[in-house]
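Report on one structure; see the data block that follows.
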Amino acid sequence: MFGKLKSSLFAGAFAALALGPVAASADQLAEVLDRGKIVIGVPENFPPFGSLGATFEHEGYDVDVAKLIAEDLGVELELKPITSKQRIPFLTSGTVDLVVSSMGANPERAKSIWFSAAYAPFFSAAFAAPEVDASSPEDLVGLKAGVTGGTIEDLELSKSLPEGAELIRFGDNAATLSAYLAGQVDVLVTGNTVAAKMASENPDRSLETKFIVRQSPAFIGVKSGESNLLQWVNVFVLHKKLGGVLNELSIKWLGQELPELPTL
């Protein structure tokens, strides 16, 4: 009896050891290809990266990237509109295969998921008309720059603001944008998505990036441990950068050339 019990326990332990590596080595890339469909989380309501368009179809920079991913994989795409708080839980639970939702990378998030190379520009910068010469904070001397007080743009630019430069602080984004459109300031210091929205609503006002105040690029979220899928996504991002596709999307949705994106 003892011998049979010992043999049974040994067999059970061996089976557990055998099953362990199989579960640990599950390949999500292969699963997506076998399934013939990929589920990608995109912004629920964060234009111009993702939101409902006039035809009630989801559209935006991230939506276009998700479509390109499915196209290059040769699989069907299921878009999953998600909020910021849902991005990591949906990825770790397997509700989505990837998160393409203007997500920044930081050490805390990296405890739970993996990040691809940067695929989208998200930055704070100084914007102005083409004729305004301001390629650095030093060039703001003699110009009036408008910023929303207490924002990241305000805090970051204040660190490098030269003596003699005039930085006018406003109470909110609406007041800052109104001041720029009214000609009360020469330079608008804000986030690139805010600038893009203003430019699209005022096509008669040319606006270009003069210098970047702070980079906060977006990365594609991949479930932790999925090395094959991460490798594929990184090659995808590199391919779209080199081919100019991401630059085209940046011009289409953000009204600006794609800036140099940092890598992890």
Enter the distance from Leu157:CG to Ile152:CD1 here, rounded to the nearest 0.5 Å. 13.0 Å

Smallest separation among heavy atoms of Ala66 and Val42, with atom names: CB-CG1, 4.1 Å

Could you tell me which non-hydrogen atom of Asn45 sits nearest to which non-hydrogen atom of Ser51, and how far apart they are? OD1-CB, 3.9 Å

Quick one: side chains of residues 68-82, donor-acceptor pairs under 3.5 Å with protein atoms, not counting sequence neighbours, listed by atom name and distance.
unit_1: Asp72; atom_1: OD2; unit_2: Lys240; atom_2: NZ; d: 3.0
unit_1: Glu78; atom_1: OE1; unit_2: Lys37; atom_2: NZ; d: 3.0

side-chain contact (heavy atoms from CB on, under 4.5 Å) between Ile113 and Lys223, intermediate numbers included: CA-CA 5 Å; Ile113 64 172; Lys223 190 175 183 179; over 6 Å; no

For the side chain of Arg87 and the backbone of Val99, is there at least one donor-acceptor N/O pair under 3.5 Å apart? no

Within the distance-only criterion (no hydrogens, no angle test), does the side chain of Asn234 pair as donor or acceptor with the backbone N or O of Ala117 below 3.5 angstrom? yes

Ser136 and Glu138: side-chain donor and acceptor closer than 3.5 Å? yes

Would you say Leu140 and Leu161 make side-chain contact, with heavy atoms under 4.5 Å? yes

Using a distance-only test with no angle check, is there a side-chain donor-acceptor pair under 3.5 angstrom linking Asn247 and Glu257? yes

Could you tell me if the side chain of Leu229 sits less than 4.5 Å from the side chain of Leu98, heavy atoms only? yes

Salt bridge check, Glu201 against Lys197: does any charged N sit closer than 4.0 Å to a carboxylate O? yes

With Tyr119, which residues qualify under ring-ring contact (aromatic ring centres under 6.0 Å, His included), at least two apart? none

With rounding to the nearest 0.5 Å, note down the distance linking NE2 in His58 to NZ in Lys67. 10.5 Å

How far apart are the C-alpha atoms of Lys210 and Asp186, what are their side-chain angles, what is the distance that settles it, and do they pass the salt bridge (Lys or Arg N to Asp or Glu O under 4.0 Å) test? CA-CA 12 Å; Lys210 295 302 178 178; Asp186 308 298; over 6 Å; no

Scan Arg214, Glu153, Gln215 and name whichever one has a side-chain hydrogen bond (donor to acceptor under 3.5 Å, both in side chains) with Ser124. Glu153

Taking all heavy atoms of Leu91 and all of Gly221, pick out the closest pair and write down the distance. CD2-C, 3.5 Å

To the nearest 0.5 angstrom, please state how far the CD atom of Glu156 sits from the OG atom of Ser160. 8.0 Å

When rounded to the nearest 0.5 angstrom, what distance separates OG in Ser101 from CD1 in Ile40? 11.5 Å

Kindly say whether Leu246 contributes a backbone atom to a donor-acceptor pair with the side chain of Ser250 at under 3.5 angstrom? no

From Glu248 atom CD to Leu258 atom CG, the distance as rounded to the nearest 0.5 Å: 11.0 Å

Do Asp27 side-chain atoms and Asn228 backbone N/O form a donor-acceptor pair below 3.5 Å? no

Is Trp114 close to Ser224 at the side-chain level, that is, under 4.5 Å between some pair of heavy atoms? yes

Can you see whether Thr148 engages Asn173 through a side-chain donor-acceptor pair at a distance of less than 3.5 angstrom? yes

Who passes ring-ring contact (aromatic ring centres under 6.0 Å, His included) against Trp232, sequence neighbours left out? Phe236

Of all heavy-atom pairs between Asp139 and Asp133, which one has the smallest distance, and what is that distance? CB-O, 3.9 Å

On a heavy-atom basis, the closest approach of Met198 and Leu177 is SD-CD2, 3.7 Å

Could you measure the distance from the CD1 atom of Ile212 to the CG atom of Asn192? Nearest 0.5 Å is fine. 8.5 Å

Which pair of non-hydrogen atoms, one from Ser102 and one from Asp62, has the smallest distance, and what is that distance? N-OD2, 2.8 Å

In terms of ring plane angle, is the pair Phe115 and Phe219 parallel, tilted or perpendicular, where the classes change at 30° and 60°? perpendicular

So, for Tyr180 and Phe127, is the gap between ring centers shorter than 6.0 Å? no

Any sub-3.5 Å donor-acceptor pair from Glu226's side-chain atoms to Gln28's backbone N or O? yes

